[in-house]
Amino acid sequence: MTTTDKYNPQDIEPKWQQRWEADRLYRAVVDWSKPKHYALTMLPYPSGDLHIGHWFAMTPSDARARYKRMRGFNVLFPMGFDAFGLPAENAAIQRNIHPKKWTYANIENMRRQLRSMGAMFDWEREAVSCDPSYYKWTEWFFKQFFENDLAYRGEALVNWSPTLQTVLANEQVIDGKDERTGQPVIQKMMTQWFFRYTRYAEEMLDFSRIDWPEPIKTMQTNWIGKSEGARVVFHVAAPLPEGEGTGVRAGDPIEVFTTRPDTLWGATFMVLAPEHPLVEKITTPEQRAAVEAYVEQAARATEIERTAEDREKTGVFTGAYAINPVNDERIPIWTADYVMISYGSGAIMAVPAHDERDFEFARKFGLKVRVVIQPEGMALDGDTMTEAWPHEGLMVNSGPFDGTPATREKGRKNPAINAVIDWLEARGIGKEAINYRLRDWLISRQRYWGAPIPVIHRQDGTMEAVPDDQLPVLLPDDVEFLPTGQSPLLFHQGFLNTVDSEGRPARRETDTMDTFMCSSWYWYRYLSPHYEAGPFDPEEAAYWLPVDTYTGGAEHATMHLLYARWFAKAMRDLGMFEETQRIMRAHGRDPELLAWGEPMLQLRNQGQVLGEERDGHFILATGTWQAAKLFADRVEVIDPKDAPASFDGVMGEIVKRTENILTVDIGGGDFRTVEVLPDAFITIPNIDGPCRIEQLRHHLDIQRMSKSKGNVVNPDEWVARHGADTVRAYLMFGFDWQKGGPWDSKGIQGVVRWINDVWDIVTGIEPPAAGDLEAERTLERRVHQTIKKVTDALENFSFNTGVAGLMALRNELKAAARAGNVGADAWREAVRSMLLLMAPFTPHIAEELWARQGHPYSVHMQGWPAYDADKAAEDLVTLVVQVNGKVRDRLQVPAGITAEEAERLALDSDGVKKLLDGGQPRRVIFVEARGGQEPKINVVV
RNA sequence: GGGGCAGUGGCCCAAUUGGCAGGAGGCAACUGACUUAAAAUCAGUAAGGUUGUGGGUUCGAAUCCCACCUGCCCCA
């Protein structure tokens with residue numbers, strides 16, 4: 001082996017990146033003569049630095065996009081930035097830098113980092129959501145929704161800071177307190193902007209047209225939370241005979257939704273959410289003080305606390321009664337915070353005998369419990385039962401329905417529910433109904449750094465949308481950031497004051513939009529980021545839409561990925577794809593693809609790269625003891641091998657450090673606390689002089705990377721050390737992509753060796769002119785087996801097995817080179833195939849070696865190597881012989897063996913004969929060879 | 001609290017979907033070469049298992065079902 005020169009990624013990577021860019025190699029242009037593939041990966045938030053998670057998400061997606069391109073697809077693989085959001089505003093407040101400046105500086109930096117990946121991003125299609133040219137269309141979408149009854153203003157519970165007099169985002173509230181001032185935050189009903197999310201709830205439950213991961217579909221289904229039942233109207237009962245002036249008006253309706261209308265006869269009280277508008281109206285004077293105090297206290301609890309099942313139930317009687325419409329019974333109305341205003345109608349009928357939470361509440365407050373479902377073989381008694389019976393049984397105490405079986409089925413499938421719904425509908429007191437857990441999408445934010453909501457409030461209190469020719473409503477730059485939590489737009493007179501369409505003074509809406517709104521349509525903008533006649537160019541859309549493959553994190557399951565689907569359906573129904581569909585039809589593409597209202601046909605999620613496990617420093621700390629705690633004036637980091645036999649102090653591995661308090665594992669599952677004195681003398685080998693306590697390293701478990709844990713892996717450092725190809729390949733090789741896992745800085749060595757080996761194999765081997773035919777045939781077989789393996793791997797997002805297959809091929813080539821029995825032509829052909837297979841994973845080295853082999857530029861414009869099953873086939877295979885499922889023998893047989901032959905050979909084998917002992921087998925099961933698997937035969941005796 | 005995912009040699013992971021648990025691959029380990037020595041590099045080599053636990057279905061279970069344990073992620 002003669003190595004002419006060394007592999008040096010720092011030379012070849014920038015060189016090829018510049019060449020590709022200069023040649024616009026990855027520019028994707030509409031070409032109706034070729035099939036298209038729109039590969040989309042989630043766009044990053046410009047936080048400042050690209051972290052290893054971005055590489056893990058994007059480089060495998062890039063490999064797959066490159067593979068599709070080699071398969072003959074015209075591939076679009078764009079990139080952009082989701083650039084509005086809270087961190088920019090926090091930076092503004094903390095560091096006195098304008099959010100715009102901060103964001104664009106970060107974008108600039110991240111663009112550079114993204115380029116170092118060597119990905120095939122088409123930068124000419126880049127979109128940045130905080131650019132006026134982008135958010136003009138975010139505003140335009142809002143306006144379309146506003147004008148078509150998909151956007152509205154309504155009441156919602158928000159986090160309200162009474163101290164700051166402002167609304168806070170969920171992220172700004174920690175433990176019920178404002179994260180900045182530490183002052184309490186309450187839940188308050190306020191007017192907010194919403195999209196009619198629930199309008200598409202039913203359609204969003206249909207996943208039949210899309211290839212998305214099962215867990216995502218399950219999560220979305222649960223998130224939408226469809227439940228079937230009935231809406232029943234109760235009425236407030238007439239006031240008490242004494243007739244106090246309570247404001248209670250007999251006959252006020254209270255609508256409830258129930259999934260169990262078959263238990264209506266067991267409703268012994270009602271509960272209203274504390275925020276329910278009726279609470280104030282119906283409360284009697286003698287209960288008023290208690291109710292008001294309760295409502296105020298409830299506002300301080302978060303929804304998490306309120307819905308916790310193990311929480312002690314609280315509530316107050318309002319003094320009012322309602323009439324149960326099925327039996328005209330007078331039942332008390334309570335208010336309690338376990339009922340949510342945002343679910344259903346914010347009021348429930350309580351059936352304590354058959355609902356766990358109602359039961360607990362009734363027992364606590366001594367309310368009546370009446371059994372209306374009697375399970376078979378059990379005699380439930382409302383007075384003595386110790387838990388609710390939410391299951392099946394026969395209806396009792398239910399007037400005309402006594403004896404009707406209630407099953408575990410939900411909705412109309414349950415005979416009891418079915419019968420009761422019919423009866424309710426016939427009498428006009430209730431209706432079959434479907435309720436969704438999903439709530440409308442609250443899109444307004446009381447923040448500065450977001451797309452403005454293009455609405456003007458007229459003097460008379462009505463609203464109008466900003467005319468199209470005035471879009472976008474621009475965010476003013478000259479704003480001041482104060483740590484008040486309030487949006488600076490509220491104080492910007494130039495922004496605030498405007499005129500309506502008739503020239504009268506008016507006030508601009510100061511709410512901005514949720515950033516999820518910006519990220520709900522970005523893949524349309526990529527199609528034509530400079531298009532001015534609409535959010536996207538229909539000519540581009542007709543070719544590229546819908547997205548074929550979308551990759552990104554599963555954490556977006558119920559938010560972004562559901563918003564994206566809603567948006568596509570709303571756009572479809574507002575006719576935004578009509579022109580696009582017309583063009584599709586003209587080119588013979590099926591316009592139904594857009595009628596589905598599904599933005600992405602295939603979705604795959606990557607897992608998370610976690611921090612690396614790290615040992616803590618092994619220390620010997622000495623000082624003075626006080627109780628069980630050592631106050632150390634000296635801390636030495638030592639090698640455990642050099643541990644002294646006896647010492648006065650604490651010795652062991654640091655497992656935790658909080659300020660100057662160390663927790664030390666002294667072995668045997670025992671721990672000691674060491675407080676390091678401020679002037680303590682600290683020594684660490686390899687670091688000269690006394691050290692600071694911050695330099696002491698503590699043990700890290702495998703967990704999510706974060707700056708505070710100090711386990712962040714910086715991709716730039718690894719790229720500088722080994723090159724982008726190696727980092728790419730390691731990320732694809734070292735993990736199950738869909739699962740993620742801990743970073744292993746030793747594991748990357750295997751990839752470093754692989755790439756260096758490939759370099760040496762391709763540049764340094766001079767094969768003989770002629771070789772041994774059998775050896776060449778074997779190498780060719782391995783090459784074709786690898787083509788199959790790598791192809792399957794890329795199709796199935798199983799990147800690690802793809803790289804593993806390439807490593808195995810490397811081993812074959814090395815062995816062949818050593819044996820020197822493969823001739824130049826066969827060798828060159830094998831190397832050629834290997835470089836093509838490597839191109840998606842390691843684009844730079846593949847390009848460099850491709851050029852050095854004298855092939856025409858570029859390897860990335862070549863077709864994918866063709867797989868030939870005949871060339872991959874083995875001549876002889878191992879027939880596995882089992883007896884009762886246990887392996888007893890292995891036989892070498894011809895590859896295409898039939899079941900009869902296999903059975904004859906198996907029954908004749910030593911392993912079987914011994915166990916069969918002259919008798920007849922009860923059954924013989926032959927499993928033929930399929931895929932790369934060898935045949936098996938199982939003899940049952 | 002609700003929802004989701006995962007558990008395979010010392011470690012990261014394969015196992016073509018119910019068919020030999022490794023002639024998947026890698027890390028680590030060991031031996032040798034180079035070196036005064038070590039690291040790195042190169043060449044070679046074995047060893048390592050009740051597939052988290054317990055039940056069930058099956059001719060056959062890492063794979064399917066039930067229960068439990070442990071870990072991770074998401075939402076509120």
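Quick note: numbers below take in every heavy atom, side chains included, and nothing from hydrogens, waters or symmetry partners.
The separation of B:U53 from B:A62, taken at their P atoms, amounts to 11 Å, rounded to a whole angstrom. Taking atom P on both B:C20 and B:A15, the two are 13 Å apart, rounded to the nearest angstrom. For B:U51 and B:G7, the C1' atoms lie 9 Å apart once the distance is rounded to whole Å.
Applying the Watson-Crick and G-U wobble criteria (two distances, each under 3.5 Å), B:C27 pairs with B:G10. Pair assignment for B:C42: B:G32, on the basis of Watson-Crick or G-U wobble contacts that are both within less than 3.5 Å.
In this structure, A:K410 places its NZ atom where only 12 or fewer heavy-atom neighbours from other residues, nucleotides or ligands lie under 6.0 Å away. By the neighbour-count criterion of 12 heavy atoms within 6.0 Å, atom NZ of A:K788 is sparsely surrounded, having that number or fewer from other residues, nucleotides or ligands.
Residue A:R810 places its side chain closer to B:G26 than to any other of B:A28, B:G26, B:G3. Closest to the A:N938 side chain, of the nucleotides B:C5, B:C27, B:G19, is B:G19.
Here B:G22 presents its C1' atom at 11 Å from NZ of A:K789, a figure rounded to the nearest Å.
A:E774 and A:R777 are not joined by a salt bridge, as no carboxylate oxygen comes within less than 4.0 angstrom of a charged side-chain nitrogen.
Listed pair A:Q749 / B:U41 meets the phosphate criterion, a side-chain N or O lying under 4.0 Å from OP1 or OP2.
Summary of the strand contacts: A:G805 and A:E214 both lie near RNA chain B, and taking for each the nucleotide with the nearest heavy atom, the more 5' one is attributed to A:E214.
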